[in-house]
Protein chains: 2
Amino acid sequence: MARPRKVQELDEPHLEAWRSFLRAHARLTEVLEHELSRDAGLPLVWYDVLIQLHHAGGRLRMHDLARAVLLSRAGLTRLVDRISADGLVEREPCPDDRRGTFVLLTAKGIARLEEARPVHHDGIQEHFGRHVSLREAATLRRVFDRVLRQVEP
Amino acid sequence: MARPRKVQELDEPHLEAWRSFLRAHARLTEVLEHELSRDAGLPLVWYDVLIQLHHAGGRLRMHDLARAVLLSRAGLTRLVDRISADGLVEREPCPDDRRGTFVLLTAKGIARLEEARPVHHDGIQEHFGRHVSLREAATLRRVFDRVLRQVEP
DNA sequence: GCACAATAGTTGCTAGATCAACTATTTGGA
DNA sequence: TCCAAATAGTTGATCTAGCAACTATTGTGC
């Protein structure tokens, strides 16, 4: 049960990077969440659901959608309840697996997404992109993808 | 009410960096939270409260602690309730401002922090630090601090 | 010196997330 | 073939966070 021996200690520069990473994430998501719901009337998780469905061509199984938006299956059940009550998505039974349920983007959902996307992208550009060089963006992506490969299941 | 005109569009490399940033944050905090409570019996927010108090020399006003751990004042009230019920911190009225309350680290709190810190630092090193060069760590820090300066109040 | 605004902290209410348990279905050996 | 294990989704219970409202105190402009 002992933790595995570490090869090397965590040093100060890495810890500082980690702290800045955490603070930046907290503040950025707070601001972007606020701006998106103020200017597009859409909570960030709703946006995320819509965009994931869109990327997947308009339909996803509950299970896959849950993984895509980083939510538990139970959490997604309730979230999809709310979003579909607003008419932006709908459920459809899955024909070849009768346990399964598809979630699909409705026309109304597509419209809301088209409306919200520029708002959100402007926010990301304003608070993040604009302060980051192309070279730095490439570094961030490379580093985080490398980290993710080790930590993803 | 129109959003200000953007100077430049959000481009694909920045958007990819942003997405990787979000995913990495979600997965890393999930893993670290899980490991910390498994191996040190401490939720991450509790750790954060203890470490912030420690950095501040053992005592902080509720208001300042709330800002430090990125929580609303109401949220912190309840959090401090729970942590002090476990004996790791305690409240003390503030002598020169009778509206105010200090939160202070107890001996038990210090002990738990000493115990938890290596666990958490090992986790950060294992899942983050080890995959990031010194040069990259410096870039992350520089970028996120730059971003934070624009978005912090 | 006093009224009024601002600030510190707590509390009631509610929204949203998780875990564990449950039902229904599918899968994969013996 | 058939039964046990795995998987999909939902539901109940619970936990934690935020907002708005409240009390108490401090600061400020006249």
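Residue numbering restarts at 1 for every chain, and letters A, B, ... go by the order of the sequence lines.
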Ignoring hydrogens, what is the shortest heavy-atom contact between [X] and [Y]? Give both atom names and the distance.
X        : Y        : value
A/Val147 : B/His127 : CG1-O, 3.4 Å
A/His120 : A/Leu44  : CE1-CD1, 3.5 Å
B/Val103 : B/Leu53  : O-CD2, 3.4 Å
B/Ala137 : A/Ala17  : O-CB, 3.5 Å

>> Distance alone, cut at 3.5 Å: any donor-acceptor contact between the side chains of A/Ser20 and A/Arg23?
In response: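 There is no such pair between these side chains.
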Rounded off to whole Å, could you give me the [atom1]-to-[atom2] distance for the [X] and [N] pair?
X        : N      : atom1 : atom2 : result
B/Arg61  : C/dT7  : CZ    : P     : 13 Å
A/Leu60  : D/dA8  : CG    : P     : 13 Å
B/Phe102 : C/dA8  : CZ    : P     : 13 Å
B/His34  : C/dT18 : NE2   : P     : 14 Å
B/Glu33  : D/dT16 : CD    : P     : 11 Å
B/Glu92  : C/dG9  : CD    : P     : 13 Å
A/Glu30  : D/dG18 : CD    : P     : 9 Å

>> With salt bridge (Lys or Arg N to Asp or Glu O under 4.0 Å) as the criterion, how do A/Arg91 and A/Asp81 come out once you've worked through the C-alpha distance, each side chain's angles and the decisive distance to 0.1 Å?
In response: CA-CA 9 Å; A/Arg91 285 184 170 89; A/Asp81 288 347; 3.0 Å; yes
>> For a salt bridge (Lys or Arg N to Asp or Glu O under 4.0 Å) check, start with the C-alpha distance between A/Arg146 and B/Glu136, then their side-chain angles and the critical distance, and finish with the verdict.
In response: CA-CA 12 Å; A/Arg146 191 189 307 140; B/Glu136 288 166 340; 2.9 Å; yes
> Which of residues 93-100 of chain B have a heavy atom under 4.0 Å from DNA chain C?
Replying inline: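 By residue number: B/Arg99, B/Gly100.
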>> Classify the ring geometry of B/Phe21 against A/Phe21: parallel below 30°, tilted from 30° to 60°, perpendicular beyond 60°.
In response: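 Because their plane-to-plane angle is over 60°, the rings of B/Phe21 and A/Phe21 count as perpendicular.
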>> So if I apply the side chain to side chain contact (heavy atoms under 4.5 Å, CB included) rule between A/Cys94 and each of A/Arg61, A/Arg59, A/Arg99, which one comes out positive?
In response: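 That would be A/Arg61; it is the only one of A/Arg61, A/Arg59, A/Arg99 passing the side chain to side chain contact (heavy atoms under 4.5 Å, CB included) with A/Cys94.
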> Are B/Val45 and B/Val119 grouped together when hydrophobic residues (ILVMFWY) are joined by side-chain heavy atoms under 4.5 angstrom apart?
Replying inline: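 Same cluster: B/Val45 reaches B/Val119 through Ile, Leu, Val, Met, Phe, Trp or Tyr contacts under 4.5 Å.
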> Near DNA chain D, under 4.0 Å by heavy atom, which residues of residues 70-88 of chain B?
Replying inline: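 Result for residues 70-88 of chain B: B/Leu71, B/Ser72, B/Ala74, B/Gly75, B/Arg78, B/Arg82, sorted by number.
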Close N or O pairs between protein and nucleotides 3-5 of chain C (under 3.5 Å):
none

>> Working note: B/Asp122 + B/Arg117, criterion salt bridge (Lys or Arg N to Asp or Glu O under 4.0 Å); need CA distance, chi angles, decisive distance, verdict.
In response: CA-CA 8 Å; B/Asp122 285 3; B/Arg117 183 154 43 182; over 6 Å; no
